[in-house]
Amino acid sequence: MKIQIINGPNLNLLGVREPGIYGSEAFETYLPQLKAAFPSVEIDYFQSNTEGELINKMQEVGFLYDGIVLNAGAYTHTSIALHDCIRSLRTPVIEVHISNVHAREEFRQKSMISSACKGVIAGFGLNSYQLAIKALLLEQA
C-alpha cells in the first residue's frame with residue numbers, strides 16, 4: 001500500500017508555529033514514528049506553501065497511490081481549486097487537521113474541500129495523520 005501525505009501552507013513551521021495549537025514537534029520529527037507505526041505501508045511526504053504545487057502533487061499521485069492524507073492548511077477554507085482536484089482523482093483523500101477547527105475561529109469552521117474527501121479527521125494533534133492512515137487501511141480491507 002502506498003500513501004501520500006500532503007501538507008499545505010505554514011505546516012513546514014510545525015514545532016515553532018503556535019505550539020499551544022499545533023504542538024511543539026516538527027512534522028519531520030514525527031514522520032519516522034508514523035512510518036514505524038505502519039511498516040507495511042509506503043508513506044511519502046510532500047509539503048508546499050503554494051496551492052498549485054499541492055494540486056500538481058495530488059494529480060501526480062491521485063491515480064497511482066492507494067490514498068492521500070491531506071492537511072491543506074488555510075487552503076482548506078478557501079480553495080475551490082483543491083476541491084475540484086480532489087473530485088477528479090481516483091485515489092481516496094482524507095482531510096486532516098491537527099487542531100479541532102470547529103472549536104476555533106468561525107472562518108476555520110467551513111471547509112471548501114470536505115465534501116470532495118472520503119472523510120475528515122480533526123483535533124487529535126499529529127495523531128490525526130495516524131487515524132487517517134488507519135481509515136485508509138480499513139477501506140482497503
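None of these values were measured; they are calculated from a predicted model.
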State whether the side chain of [X] and the backbone N or O of [Y] hold a donor-acceptor pair below 3.5 Å, judged by distance alone.
| X | Y | answer |
| --- | --- | --- |
| T91 | Y65 | yes |
| D66 | K2 | yes |
| T29 | E25 | no |
| S99 | G123 | no |

With rounding to the nearest 0.5 Å, note down the distance linking [atom1] in [X] to [atom2] in [Y].
| X | Y | atom1 | atom2 | answer |
| --- | --- | --- | --- | --- |
| I68 | I86 | CD1 | CD1 | 8.0 Å |
| L70 | Y129 | CG | OH | 9.0 Å |
| S114 | H83 | OG | NE2 | 9.0 Å |
| S115 | R87 | OG | CZ | 6.5 Å |

### Task
Report the C-alpha distance between Q130 and L34 in whole Å, list the side-chain angles of each, state the deciding distance to 0.1 Å, and finish with yes or no for side chain to side chain contact (heavy atoms under 4.5 Å, CB included).
CA-CA 7 Å; Q130 189 172 125; L34 189 61; 3.9 Å; yes
### Message
Side chains of S111 and H77: any donor to acceptor distance under 3.5 Å?
### Response
no
Is the closest side-chain heavy-atom distance between [X] and [Y] below 4.5 Å?
| X | Y | result |
| --- | --- | --- |
| E51 | S79 | yes |
| F27 | N7 | yes |
| E95 | T76 | yes |
| L137 | F38 | yes |
| K57 | S48 | no |
| I5 | V96 | no |
| I98 | L11 | yes |
| E42 | M1 | no |

State yes or no: do [X] and [Y] share one hydrophobic cluster built from I, L, V, M, F, W and Y residues joined by side-chain heavy-atom distances below 4.5 Å, directly or via other members?
| X | Y | result |
| --- | --- | --- |
| I121 | Y45 | yes |
| I3 | L89 | no |
| L54 | V61 | yes |
| V120 | I133 | no |
| L126 | I6 | no |

Counting only heavy atoms not in [X] (residues, nucleotides, ligands), do more than 12 fall under 6.0 Å from its [atom1]?
| X | atom1 | value |
| --- | --- | --- |
| K118 | NZ | no |
| I80 | CD1 | no |
| F124 | CZ | no |

### Summary
Closest non-hydrogen contact found for L136 with G67 is CD1-CA, 3.9 Å
### Message
Going by side-chain contact (heavy atoms from CB on, under 4.5 Å), name the residues that satisfy it together with N49, two or more places apart in sequence or in a different chain.
### Response
P9, N12, Q47
